Asker: 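Supplied in structure tokens, the structure appears directly below.
Predicted model, so just to flag it, every value in this text is computed and none were measured. Lettering of chains follows the sequences in order, A, B, ..., and the numbering in each one begins at 1.
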Amino acid sequence: MTRKNVRITGLAALAMIATLTVVGFPNVKANDQPSEAATEVKIDNFVFGPQTITVPVGSTVTWINKDDIPHTTVSTDGVFKSKVLDTDEKFSFKFTKAGTFSYFCSVHPKMTGKVVVQ
Amino acid sequence: MFSKVPENNEGVLNLPRINFTVLSFFPIQGFLGTGATFAADLNLVVQIIMGTGLIVGWFLAKRQRYRAHGICQTSVLFLNLLMTGLVMWPSFQQQVKPALTKALHNRYYEAATIHAVFGTVAELLGLYIVVVAGTNVIPQSLRFKRWKLWMRAELVLWMIVLGMGFGTYYAWYIAPFR
């Protein structure tokens, strides 16, 4: 390989890295957005996270209490209702119909969240 | 009260079940603008009224209106028993009792546990005073004679418990949402 070829190969490699960097970042950012595949909601520090989650019909959403305080998950329109969840306890519900399901913690009603089923 | 909402960890049980939790009689959202439930807000307001009632009762005793004093203090005592049964005990049982092992490691549980212990003592002492003052059920040997001392001690204890109640309300429904 001549010195000229080495330079060309080096420049091509740099161009490829630059392209991947520029094009790659938006992809990383897109992954930070609420994912439609996410089916786990963490309860931590008196907040449901993510507060809104979008899932396909037939998905099972699991709430896990990562707080050291008891919480519940209760649907506003009475579709589902968990028992009081202590630390690390889970509650799952399968969404078989499309719609937007608002829910809250019945112990701390200021804690609210939403499941969007599409 | 019947609840048609599935309530288990899998969320699949659809059988109606009898829900004995008296808390479910109340609406969920509180009315004081904090993170509290309606029942907790109602209890707070009733407790403030009861605390004021006890001070009014104390003034009645000072003015030697003993019958009115007795009615006032006894009403507060029984109203507190009702609020304990309707709001505080179910709430304690639901949230604190299952986690008593960590009760002294977390302000959330500490506040409620200490309030519950002192509150129980205050309520029992109040009942004892009412029974001694209003009936002859208690044998003479178990009846106190220094009325003012016992009643003042009960009033002071009640006020301390009331303060602890405010502390519990703050730890549960205000501090986490600030």
Side-chain angles (χ1 to χ4, degrees), chain A residues 39-41 43-49 51 53 55 57-97 99 101-113 115 117, chain B residues 2-17 19 21 23-24 26-41 87 90-112 168-169 171-178:
Chain A
T39 53
E40 190 173 276
V41 178
I43 308 171
D44 199 8
N45 203 20
F46 290 84
V47 173
F48 291 108
Q51 223 153 23
I53 123 167
V55 294
V57 174
S59 297
T60 298
V61 176
T62 301
W63 286 265
I64 176 159
N65 185 10
K66 286 288 172 191
D67 224 340
D68 51 2
I69 302 298
H71 293 292
T72 66
T73 303
V74 181
S75 152
T76 309
D77 42 11
V79 177
F80 56 88
K81 179 183 179 184
S82 78
K83 62 165 190 156
V84 176
L85 304 172
D86 205 351
T87 307
D88 289 330
E89 281 191 325
K90 292 177 183 180
F91 166 73
S92 299
F93 186 79
K94 188 173 183 178
F95 291 88
T96 53
K97 285 178 188 170
F101 301 88
S102 299
Y103 63 89
F104 60 95
C105 167
S106 62
V107 182
H108 311 97
K110 248 193 177 173
M111 291 171 58
T112 57
V115 178
V117 184
Chain B
F2 286 91
S3 166
K4 289 180 181 172
V5 179
E7 185 182 349
N8 69 355
N9 266 0
E10 302 308 316
V12 290
L13 180 68
N14 277 307
L15 294 172
R17 69 187 269 289
N19 185 353
T21 310
L23 287 173
S24 54
F26 297 115
I28 294 293
Q29 287 290 344
F31 54 87
L32 294 178
T34 63
T37 57
F38 182 91
D41 279 354
V87 181
S91 195
F92 186 85
Q93 201 180 23
Q94 191 184 47
Q95 295 185 63
V96 185
K97 214 176 140 198
L100 268 183
T101 47
K102 53 186 172 187
L104 296 174
H105 305 291
N106 187 315
R107 195 181 294 175
Y108 189 93
Y109 296 111
E110 260 174 16
T168 304
Y169 185 92
W172 283 29
Y173 304 120
I174 297 177
F177 302 101
R178 290 185 77 159

Asker: Quick one: CZ on Arg107(B) to CD1 on Ile69(A), what's the gap to the nearest 0.5 Å?
Answerer: 11.0 Å
Asker: The criterion is side chain to side chain contact (heavy atoms under 4.5 Å, CB included); which residues satisfy it with Ile28(B), sequence neighbours excluded?
Answerer: Phe104(A), Ser106(A), Pro109(A)
Asker: On a heavy-atom basis, which atom in Lys110(A) and which in Thr34(B) lie closest, and how many Å separate them?
Answerer: CE-O, 3.9 Å
Asker: Might you point out which heavy atoms bring Trp172(B) and Phe46(A) nearest each other, and give the distance in Å?
Answerer: O-CE2, 4.4 Å
Asker: Return the orientation label for the His108(A) and Tyr173(B) ring planes: parallel under 30°, perpendicular over 60°, tilted otherwise.
Answerer: tilted
Asker: Would you name the heavy atoms of Tyr109(B) and Asp68(A) that are closest together and state the gap between them?
Answerer: OH-O, 3.2 Å
